[in-house]
Amino acid sequence: MTALEKRRFGKTGREVTAVGLGGEGVLRTYGRHAEANAVIMEAVNQGIAYFDSAKAYAGSEDYYGEVWVRRPDLRAPVFQASKSASRAHAGAEMDLLETLQRIGIGTLDLWQIHDVRTFSEIREIEGAGGALEAFVEAKERGIVRHIGVTGHHDPDVLAHAVENWPVDAVMMPINPVEGALGGFLSSTLPAAKEQGVAVIGMKVLGGSNYLVPDAGVTSEALVRYALAQDISVAIVGCSTPAEVRALAAAGRSGPLPDDEAAALVEAFRPHARELAYYRGFR
């Protein structure tokens, strides 16, 4: 099996696999332990070494914990990420303790301020007693190795965080719809690169809404489109081991050639605004 490409994770000095297992899919459920275990183990077997989660993603942290506690030898080489949506210092601090307990680890590779949508939230998070204080403290104490921010509503809001917060990573939508709309790819991503901040691509398949196999819009094409952008890792939630194998195969195929990526953007352009459901357009 060909090894997955490794990419620099911003200015952290770390490397991650070009594709990672998202926290959605079967991981965002409760009580489906055998299925979740099969997906995580298939990702490990495929050489995927970036694992996404969030406190808000149902039982995802518990599913990871079941694997890492049972197989601590598998934990060392992987990059485990999670998130907190708390906007206040105390709430974020409690979230982190719970996350570490649920995943069964002492140190988290990446802890992210989850789903920042408005400038009102920005002010709350970065103000006195805000969550950003807890994130910085956790990194200073070595409980988390790196800190980040995620968002999929407003490119300007996310760009502010990238330019003004001491984050190591940013997670944003990376797909042909964004190629057509502009914003995340045309302003937030360049701002991240200028700051040396790693970029994690999400909404790569648009929650599977973008798949039109008869027109050549396959999961492979969409993953490879994401890999053609200047990002560190593209993450996709999976529900079966077969989906994990498809993700890994797309990762091994490498970035989509420029002309194919451009054609994909044009195919989505007429309907881009309505397809960007996660942006909250009215």
Side-chain angles (χ1 to χ4, degrees), residues 20-30 36 50-65 79-103 105 107-139 141 143-162 164-174 184 188 192 197-204 207 233 235-237 276-280:
L21 182 64
E24 302 276 352
V26 74
L27 297 188
R28 195 168 185 171
T29 65
Y30 290 109
Y50 184 100
F51 293 89
D52 175 66
S53 187
K55 187 171 183 292
Y57 292 170
S60 67
E61 293 180 335
D62 296 309
Y63 292 145
Y64 281 121
F79 193 99
Q80 179 70 60
S82 199
K83 316 178 188 81
S84 165
S86 291
R87 300 314 190 211
H89 186 295
E93 208 166 41
M94 286 179 63
D95 283 352
L96 179 58
L97 291 175
E98 188 176 329
T99 287
L100 293 171
Q101 186 174 35
R102 290 174 73 184
I103 302 180
I105 57 177
T107 307
L108 192 63
D109 293 292
L110 175 65
W111 190 35
Q112 299 155 98
I113 301 172
H114 196 182
D115 193 14
V116 182
R117 302 185 177 198
T118 65
F119 279 103
S120 174
E121 285 183 290
I122 288 278
R123 288 189 291 274
E124 185 180 3
I125 292 163
E126 68 184 18
L132 186 59
E133 292 177 354
F135 277 75
V136 171
E137 286 173 13
K139 182 180 177 182
R141 291 169 59 196
I143 301 172
V144 302
R145 293 188 174 95
H146 311 292
I147 58 176
V149 61
T150 84
H152 52 70
H153 264 65
D154 188 331
D156 293 335
V157 166
L158 210 55
H160 172 95
V162 163
N164 295 279
W165 294 356
V167 293
D168 303 299
V170 60
M171 181 188 289
M172 69 179 79
I174 304 286
F184 285 112
T188 314
V197 169
V199 177
I200 304 153
M202 65 167 158
K203 309 293 184 195
V204 172
V233 56
I235 62 171
V236 177
Y277 62 92
Y278 47 79
R279 281 215 195 182

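Side chains are part of it too, since the values below use all heavy atoms of this structure and drop only hydrogens, waters and symmetry mates.
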Peer 1: Using a 3.5 Å distance criterion without hydrogens, assess whether the side chain of H114 forms a donor-acceptor pair with backbone atoms of V149.
Peer 2: no
Peer 1: Determine whether T107 and I143 make a side-chain contact, defined as any pair of heavy atoms from C-beta on separated by less than 4.5 Å.
Peer 2: no
Peer 1: May I ask you to check whether H146 and Q112 show a side-chain donor-acceptor distance below 3.5 Å?
Peer 2: no
Peer 1: For T150 and D115, does a side-chain donor sit closer than 3.5 Å to a side-chain acceptor?
Peer 2: no
Peer 1: For the atom pair CZ (R28) and OH (Y63), what is the distance rounded to the nearest 0.5 Å?
Peer 2: 12.5 Å
Peer 1: Return yes if a side-chain donor-acceptor contact under 3.5 Å exists between S82 and Y64, otherwise no.
Peer 2: no
Peer 1: Measure the spacing between NZ of K83 and OG of S60 and express it to the nearest 0.5 Å.
Peer 2: 7.5 Å
Peer 1: For the residue pair F135 and W111, does the interplanar ring angle fall in the parallel (under 30°), tilted (30 to 60°) or perpendicular (over 60°) class?
Peer 2: parallel
Peer 1: Classify the ring geometry of F79 against Y50: parallel below 30°, tilted from 30° to 60°, perpendicular beyond 60°.
Peer 2: parallel
Peer 1: Which heavy atom of S84 sits nearest to which heavy atom of D95, and what is that distance?
Peer 2: OG-OD2, 2.6 Å
Peer 1: Under the side chain to side chain contact (heavy atoms under 4.5 Å, CB included) criterion, do I103 and L100 qualify, and how do the steps go?
Peer 2: CA-CA 5 Å; I103 302 180; L100 293 171; over 6 Å; no
Peer 1: With a 4.5 Å heavy-atom cut-off, do V170 and L158 have their side chains touching?
Peer 2: yes
Peer 1: Between D52 and G23, which heavy-atom pair has the shortest distance, and what is it?
Peer 2: OD2-N, 2.9 Å
Peer 1: Going through the checks in order, is the side chain to side chain contact (heavy atoms under 4.5 Å, CB included) test met by H89 and E133?
Peer 2: CA-CA 6 Å; H89 186 295; E133 292 177 354; 3.3 Å; yes
Peer 1: Would you call E121 and R87 a side-chain contact if the rule is heavy atoms closer than 4.5 Å?
Peer 2: yes
Peer 1: Under 3.5 Å, side chain of D154 to main-chain N/O of R117, donor-acceptor pair present?
Peer 2: no
Peer 1: Taking all non-hydrogen atoms of both residues, which atom of A58 and which atom of R102 are closest, and how far apart?
Peer 2: O-NH2, 2.8 Å
Peer 1: Does the side chain of K203 come within less than 4.5 Å of F184's, by heavy atoms?
Peer 2: no
Peer 1: Which atoms form the tightest heavy-atom contact between A36 and L27, and what is the distance?
Peer 2: CB-CD2, 3.8 Å
Peer 1: Using the side chain to side chain donor-acceptor pair (under 3.5 Å) definition, which of the options K55, E61, Q80 pairs with T99?
Peer 2: E61
Peer 1: Give the intermediate values and the outcome of side chain to side chain contact (heavy atoms under 4.5 Å, CB included) for residues I147 and W165.
Peer 2: CA-CA 10 Å; I147 58 176; W165 294 356; over 6 Å; no
Peer 1: To check you understand the geometry: which heavy-atom pair defines the closest contact between G151 and M202, and what is its length?
Peer 2: O-CE, 3.2 Å
Peer 1: Please report the closest heavy-atom contact between V116 and I122, naming both atoms and the distance.
Peer 2: CG1-CD1, 3.9 Å
Peer 1: Quick one, Y278 and H153 - any side-chain contact, counting heavy atoms below 4.5 Å?
Peer 2: no
Peer 1: Under a 4.5 Å cut-off applied to non-hydrogen side-chain atoms, are I235 and I200 in contact?
Peer 2: yes
Peer 1: Just how far is it from atom CG of L96 to atom CZ of R141, taken to the nearest 0.5 Å?
Peer 2: 8.5 Å
Peer 1: CG of D109 to CZ of R145: how many Å apart, nearest 0.5 Å?
Peer 2: 5.0 Å
